[in-house]
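Throughout, a chain's letter reflects where its sequence line sits, starting with A, and its residues are numbered from 1.
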There are 2 protein chains.
Amino acid sequence: MASRKGTQHATNIMEALTEAARPLSAYDLLDRLRPTGVAAPLTVYRALDKLMASGRVHRIESLNAFVACRHGEHHHDHADTPPPRAVGFAICDGCGTVEEFSDADLFAHLNGCLAAKGFVPRSSAIEVHGRCAGCVRGGVAETQP
Amino acid sequence: MASRKGTQHATNIMEALTEAARPLSAYDLLDRLRPTGVAAPLTVYRALDKLMASGRVHRIESLNAFVACRHGEHHHDHADTPPPRAVGFAICDGCGTVEEFSDADLFAHLNGCLAAKGFVPRSSAIEVHGRCAGCVRGGVAETQP
DNA sequence: TCAGCTATGATACAATATAACCTTCGTCAA
DNA sequence: TTGACGAAGGTTATATTGTATCATAGCTGA
Ligand SMILES: [Zn+2]
Ligand SMILES: [Zn+2]
Ligand SMILES: [Zn+2]
Ligand SMILES: [Zn+2]
């Protein structure tokens, strides 16, 4: 069956991302999916596109990498109603972990700033690099970009 | 003098970015600097690194491209005091223009969200894609990624 | 059945970014 | 003066990330 493979790829990608618990690049994912028969980058990118459209995966622009959504609130099973992605990421440059957060006030404020210019937002990326609480306490130096 | 070339490259890059009035990729810049003798990507990236360190250029992560700062407030001539880069970008997917904005309340709020987790921020990227006022009025379709 | 549509796969390629190495030039002390 | 030293810049090659293109397979509806 044609569409069965696609959903299987998506499932495998979700598993890899969830297990990694940190951002993985498309090529990291390709390497992990190779044993399941995936050979081409495009296969990974196509599956990621669908997962992002349904809100189960987020792209971290500043890392060119992808994380599984930890949130669950903005998931949609119907692809015709894309999620707003009103969400931000705190990226630790010490240990590489990414924490997803969502703050209604923050996004209301952001939308206010944009509305004042007449700008109509469609998707936003809020990515803060720094050090997580654990790395600050432990004095871990920056090992990630 | 050794450093004269470097500053000349930086000056040329600033001119190209300012004139373009929209984001340019490193390779766009390389093409424009070729007549001045620049032949390698690394030259462009090194000059961009310095310009970003002094706050005169910002990188748009979601486009892998660079814009001249339109702001001026966070410039530093002394490279030992890097700017905070508390700044966001409204990126029009219709006409490709990027508008830089900075809102103290917004960043205070963001810092509050992060402080609640014990996260210590270092640099932030706020990039909103959508349509600028002009494109909304004109009904311009999305031609940019 | 059969033309049209979509999903997938395979190959090649484009675009973005960095590594490794070397030359040059300024600096400064012997 | 001069030679060691280090920072800056150039050259080449390569790594990483992302697409274009075309062929095929399988569904769908007339
Ligand atoms: Zn999420
Ligand atoms: Zn950490
Ligand atoms: Zn600026
Ligand atoms: Zn516009």
> Does any donor atom in the side chain of A/Ser62 or A/His129 lie under 3.5 Å from an acceptor atom in the other side chain?
Replying inline: yes

> In whole angstroms, how far is the P atom of D/dA13 from the OH atom of B/Tyr45?
Replying inline: 19 Å

>> Using whole Å, what does the distance between atom C1' of nucleotide D/dG10 and atom CD of B/Gln8 come to?
In response: 17 Å

> Whole Å only: how far is the CG atom of B/Leu30 from the P atom of C/dA14?
Replying inline: 16 Å

>> Can a donor-acceptor pair be found, under 3.5 Å and without considering hydrogens, that links the side chain of A/Arg59 to the backbone of A/Leu48?
In response: no

>> With a 4.0 Å limit, can you tell me whether A/His9 has a side-chain N or O closer than that to the phosphate oxygens OP1/OP2 of C/dT8?
In response: no

>> Which is more 5' along DNA chain D, the nucleotide nearest A/Leu42 or the one nearest A/Ser25? Just name the residue.
In response: A/Ser25

>> What is the separation between atom CG on A/Asp28 and atom P on D/dT16, rounded to the nearest whole Å?
In response: 10 Å

> Rounding to a whole Å, what distance do you find between A/Arg34:CZ and C/dG9:P?
Replying inline: 14 Å

> Over how many whole Å does the gap from B/Leu33 atom CG to D/dG10 atom C1' extend?
Replying inline: 15 Å

>> Any donor-acceptor pair, under 3.5 Å, between the side chain of B/Tyr27 and the base of C/dA17, if you only look at N and O atoms?
In response: yes

> What is the distance, rounded to the nearest whole Å, between atom CD of B/Glu61 and atom C1' of C/dA17?
Replying inline: 13 Å

>> Which nucleotide wins on minimum distance to the side chain of A/Ala26, given the candidates C/dT11, D/dG18, D/dT12?
In response: D/dG18

> Would you find a donor on one side and an acceptor on the other, under 3.5 Å apart, between the side chain of A/Asp28 and the backbone of A/Ser25?
Replying inline: yes

> Quick check: does any side chain N or O of A/Arg70 sit under 3.5 Å from a backbone N or O of A/Val98, one acting as donor and the other as acceptor?
Replying inline: no

> At under 4.0 Å, does any side-chain N or O of A/Arg46 touch on OP1 or OP2 of C/dA10?
Replying inline: no

>> With a cut-off of less than 4.0 Å, is there a side-chain N or O of A/Lys50 near OP1 or OP2 of C/dT6?
In response: no

>> Please confirm whether the shortest side-chain N or O distance from A/Asn64 to OP1 or OP2 of D/dG18 is below 4.0 Å.
In response: yes

